[in-house]
Amino acid sequence: MRRNLFAVRVAEPWQRLPREVVESPSLETFKPHLDTFLWDLLWVALLWQGVGLDGLQRSLPTPCHPVILRDITGAILWSSIITSPIQMENPYKEPPKKCVLCGINVDYKNVQLLSQFVSPHTGCIYGRHITGLCNKKQKEITKAIKRAHVLGFMPVMFKNPSFLTDPKICNVKYPE
Amino acid sequence: MPRYELALILKAMQRPETAAVLKRTVEALMERGAVVRNLENLGERSLPYKISKHKERHRRGGYFLIDLEGPPSIVSTMMDHLGRDIDVIRRTFIKHPVSKTEECSGIIPVNYEDKLIAKKK
């Protein structure tokens with residue numbers, strides 16, 4: 001409802017018009033001044049929005065139909081002149097961080113993968129602050145390791161010597 | 001859809017004997033109304049630790065994986081049956097792991113302050 005008040009509908013655009021237009025002595029001079037100003041603004045707005053201007057020149061003849069032009073420009077400008085910020089999702093938002101195992105299926109049979117999260121000296125399972133995994137994957141890994149222990153797939157008290165040279169995922173010295 | 005996975009560790013034996021053990025295991029399964037989907041051989045490797053079973057200390061074993069579909073009553077009966085088999089070192093029934101590689105949404109930052117305030121109340 002507030003949009004229909006005179007103060008909003010007229011006063012706000014009026015304040016945005018240049019002094020030359022506002023201080024026109026008569027209605028006859030005001031109208032062409034307004035037309036030229038709106039036409040310039042329309043050019044700028046459309047340029048900014050990336051519309052091809054050659055097509056526009058041919059389609060819209062210059063101040064032939066001032067009333068229509070004014071309406072068009074008014075509608076376009078109202079949407080194009082940004083006075084308050086447009087609500088939009090943060091365009092610079094980074095994608096959510098993923099842990100090392102995001103998207104990888106964890107299996108109790110995959111002993112090499114499981115051994116990467118186990119201490120080489122004692123065979124202890126590393127905690128979340130060392131492995132850097134998300135909650136879900138840490139739980140999955142723990143369950144899989146314990147299962148592998150019981151079923152006789154993975155050694156318990158040490159890390160399988162053939163997997164000692166694997167790339168290190170867990171930073172034991174500098175836990176996050 | 002596979003319901004169970006039977007992880008079997010057999011004694012390190014010659015090929016014909018291993019084949020015989022597997023054959024009688026699968027036959028026993030089918031007798032009890034299971035449908036065997038797949039039989040995988042994970043190779044013969046040295047066990048991660050020495051396992052004593054049936055008055056013997058085993059260091060090497062043959063790993064086998066049987067995908068099967070069957071009634072839930074099969075689990076207890078088969079475990080019993082396989083326990084009496086001398087050549088089987090370790091037997092385990094597992095619900096067939098559904099390989100779900102869903103799109104992980106990544107680590108969502110948790111607001112610890114909110115959690116703390118909620119607990120206080």
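Lettering of chains follows the sequences in order, A, B, ..., and the numbering in each one begins at 1.
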- prompt: What part of B/Glu5 lies closer than 4.5 angstrom to a heavy atom of chain A: side chain, backbone, both or neither?
  reply: side chain
- request: Say whether B/Met30 and B/Ile66 are linked into one hydrophobic cluster, either directly or through other cluster members, by side-chain heavy-atom distances under 4.5 angstrom.
  value: yes
From CA spacing to verdict: side-chain contact (heavy atoms from CB on, under 4.5 Å), B/Ile94, A/Arg147: CA-CA 10 Å; B/Ile94 296 166; A/Arg147 195 178 256 185; 3.4 Å; yes
- line: Given A/Pro95, A/Cys102, A/Cys134, the one with more heavy-atom pairs under 4.5 angstrom with chain B than any other is A/Cys102
Donor-acceptor pair, side chain of B/Tyr49 and main chain of A/His149, under 3.5 angstrom: yes
- request: Could you tell me which non-hydrogen atom of B/Ile9 sits nearest to which non-hydrogen atom of A/Leu151, and how far apart they are?
  value: CD1-O, 3.1 Å
statement: Under 4.5 Å to a heavy atom of chain B? For A/Asp107 that would be side chain
query: Which answer fits B/Arg45, side chain, backbone, both or neither, if we ask what part of it has an atom under 4.5 Å from a heavy atom of chain A?
result: side chain
task: Counting only heavy atoms closer than 4.5 Å, note whether B/Ile89 contacts chain A via side chain, backbone, both or neither.
output: neither
- request: Decide if atom NZ of A/Lys139 counts as having more than 12 heavy atoms of other residues, nucleotides or ligands within a radius under 6.0 Å.
  value: no
task: Please report the closest heavy-atom contact between A/Gly152 and B/Pro48, naming both atoms and the distance.
output: O-CD, 3.4 Å
query: Which bit of A/Phe158 comes within less than 4.5 Å of chain B, counting heavy atoms only: side chain, backbone, both or neither?
result: side chain
query: Above 12 or not: heavy atoms from other molecules or residues under 6.0 Å from CD of B/Glu113?
result: no
- request: Identify whether A/Ile141 and A/Ile104 are in the same connected component of the hydrophobic contact network (ILVMFWY, side-chain heavy atoms under 4.5 Å).
  value: yes
query: Transitively linked via ILVMFWY side-chain contacts under 4.5 Å: B/Leu42 with A/Tyr108?
result: yes
A/Val150 portion near chain B, given a 4.5 angstrom heavy-atom threshold: backbone
Nearest-0.5 Å distance that lies between atom CG in B/Leu47 and atom CZ in A/Phe153: 10.5 Å
- prompt: Would B/Val88 end up clustered with B/Met79 when hydrophobic side chains under 4.5 Å apart are linked, directly or stepwise?
  reply: yes
message: Which heavy atom of B/Leu65 sits nearest to which heavy atom of A/Lys109, and what is that distance?
response: CD2-CD, 3.3 Å
